[in-house]
Amino acid sequence: MEPGDLRPALAVLAPAVAGGLVLASGRRANLRDAWSVLAALAAFGLLASMLPEVLAGRQPATTLVPLVGGFALRLRADAFGLLFALLASGLWVLTSVYNVGYMRAEKEKHQAGYYAFFAVCVSAALGIALAANLVTFFVFYEVLTLATYPLVVHKRTDEAVAAGRKYLAYTLAAGQLLLVAIVGTAWLAPGEEFRPGGFLAGTASPPVLWLLFALFIAGAGVKAAIMPLHAWLPAAMVAPTPVSALLHAVAVVKAGTFACVRVVGWVFGVDLMRQLGADVVLATAAAVTILLASVRALGEQNLKRRLAYSTIGQLSYIVLGAGLGSAAALAGAIFHMAAHGFMKITLFFCAGSIYVRTHKSEVSELEGIGRRMPVTMAAFTVGALGLAGVPAFAGFVSKWNLGVGALEAGHGAFIAVLVVSGLFNVAYFYPIAYAAFLGGEGRLRFEEPSPAIWVPLALTAAASIALGLVPDAGLRFYALAWQAAESVVAGGTR
């Protein structure tokens, strides 16, 4: 390893080491759970220590392994990568606690392997976030694909195995497309690292650049669940609820949207995107996905599948911002990675809380449950209001910036997509909250599951409100989003 700042490498390494320690701990549940929580705190602490430096314009970096031809496995913390890494590691801390409550309540089998692969997934997500170049990004992207499979098939049922096969078919095929795109890019620009404003302008003819763009977006679009590349995601809801939370809020789908934004802003650049006309194509694909996913969510009666289609639509807000390419749109897209992470993990935590306490999973079964589980359903309502873009919640901040960014980019028509999508969010979430608190009969009582389950969801719901009221509080997600967006736009004018 080349001398440099070791914190990016240690942050990536901590969860991976924890995975090995979890396996070594075997059936000693308390020790096994402790390794997960300690590693989560260690990774988060290392990343948080870099925040002041990154906000000051510095980028802690280190080279892991030099490769031939001027390439290297290299990690670097810029504003965009650090935002994703802080989100993933911070939510892993809460998910580690939630995992303990959920897995013990459900008496799930094979827990050592489950926790070990969970840790490896987080390690891979942090590697993706901190990757300084496409080669490093691809290595961790594929590790994430392989490490998630055992979690999807954890229950070992026929349905779980079928979902795992579909997941691998989609994500491994997408990985090969991404690899071809990376090889082509390396041929045109050997050894280039991610650069704000991109580095491909002037390297090839428009048809070649269009081919690379299509390969990149197809490769990243599977994990980002851009329609029609999304089918693996609803099928994967057969996994335990903490895995669903990992898929939707922490690692897998966020890695896909992160890849889309990284490619647009740091490989192609917004100016080249506009010259090719690829910006409008990407924004239109995102808009279509937002609307179609919202319609599908409205028709789903299984709670986790409704949340899955909601995720598909919400992810494409991030892709839409990348396509629009203005500073406000990019800032809104990047901030929405954090906002959506807190709001959506709240909803999945709530779905798991309901299942642990009542073993109910259908929307029609939730009448009156808010009077039995007031904390869970209050948190659910907060997450739902945020995703609908209601003011004072985190989702409003990102959607406002996306709307402003659409006007800046001269594509104000996309504001209508944001408005219609918000109405769909109300349509498929409001009946759940209404029935939970006002449906049925019964007095108010407290029948929540263990504090290990309801405390994390209460905290993520509180964060969803805090990010709406004071977007730049705490981990400075809003400042990081704007710093990353402005660097991309400024880089394109050099």
Side-chain angles (χ1 to χ4, degrees), residues 57 59 61 69-72 74 76 78-81 84 128 131-138 141 177-221 224 226 256-286 318-334 405-406 408-411 414 481-494:
Q59 297 183 359
F71 296 97
R74 183 168 168 79
R76 184 184 67 203
D78 64 0
F80 182 36
F84 181 30
I128 289 168
N133 54 47
L134 284 167
V135 173
T136 309
F137 177 91
F138 179 76
Y141 201 76
L177 295 177
L178 194 59
L179 178 60
V180 173
I182 290 171
V183 170
T185 302
W187 179 264
L188 295 176
E192 282 283 2
E193 295 193 347
F194 294 128
R195 185 194 306 168
F199 55 78
L200 280 181
T203 60
S205 65
V208 171
L209 293 174
W210 256 110
L211 176 61
L212 286 178
F213 173 75
L215 289 169
F216 270 120
I217 297 304
I226 299 173
T257 55
F258 180 88
C260 288
V261 177
R262 189 63 105 180
V263 166
V264 168
W266 282 262
V267 176
F268 280 80
V270 293
D271 288 347
L272 180 58
M273 291 283 292
R274 291 183 182 126
Q275 292 169 17
L276 295 172
D279 57 338
V280 176
V281 172
L282 184 61
T284 301
I318 301 168
V319 180
L320 174 63
L324 292 171
S326 63
L330 285 166
I334 294 169
E408 286 182 357
H411 298 298
F414 287 104
W482 269 99
Q483 181 175 322
E486 289 175 340
S487 71
V488 168
V489 173
T493 62
R494 289 181 304 210

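Computed from a predicted structure; not experimentally measured. Counting from 1, the numbers follow the sequence of the chain as shown.
- Judged as a side-chain contact (heavy atoms from CB on, under 4.5 Å), and not counting sequence neighbours, the contacts of L276 are P206, L209, W210, F268, L272, A278.
- Residues F137 and L178 come closest through the heavy atom pair CE2-CD2, 4.1 Å.
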- Item | Stepwise side-chain contact (heavy atoms from CB on, under 4.5 Å) check, V270 with L330 | CA-CA 10 Å; V270 293; L330 285 166; 4.1 Å; yes
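- With rounding to the nearest 0.5 angstrom, the CG atom of L211 is 9.5 Å from the OG atom of S205.
- The structure places OG1 of T257 at 9.5 Å from CD1 of I226, a figure rounded to the nearest 0.5 Å.
- Classified by interplanar angle (parallel below 30°, tilted 30° to 60°, perpendicular above 60°), the ring pair F80/F258 is parallel.
- Between P196 and W266, the shortest heavy-atom contact is N-CD1, 3.4 Å.
- In this structure, the separation between CD on E408 and CG on L324 is 10.0 Å, given to the nearest 0.5 Å.
- Partners of V135 according to the side-chain contact (heavy atoms from CB on, under 4.5 Å) rule, which considers only residues two or more places apart in sequence or in another chain, are L67, F71, L73, N133.
- Nearest heavy-atom pair, A61 versus R74, reported as atom, atom and distance to 0.1 Å: CB-NH2, 3.6 Å.
- Remark: side-chain polar atoms of T136 are not paired, donor with acceptor, to backbone N or O of A131 under 3.5 angstrom.
- With F194 as the aromatic partner, R76 does not meet the cation-pi criteria of under 6.0 angstrom to the ring centre and within 45 degrees of the ring axis.
- Across all their heavy atoms, A331 and A481 have their closest contact at O-CB, 3.6 Å.
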Side-chain donor-acceptor pairs under 3.5 Å in residues 180-190, sequence neighbours left out?
residue : atom : partner : partner atom : Å
T185    : OG1  : A181    : O            : 2.8

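- Closest approach of Q483 and A79 over heavy atoms only: NE2-CB, 3.8 Å.
- I334 places none of its side-chain heavy atoms less than 4.5 Å from the side chain of F84.
- Note that CG of L177 and CZ of F216 are 11.5 Å apart. Values are rounded to the nearest 0.5 Å.
- For G219 against Y141, the heavy-atom pair with the smallest separation is O-OH, 3.7 Å.
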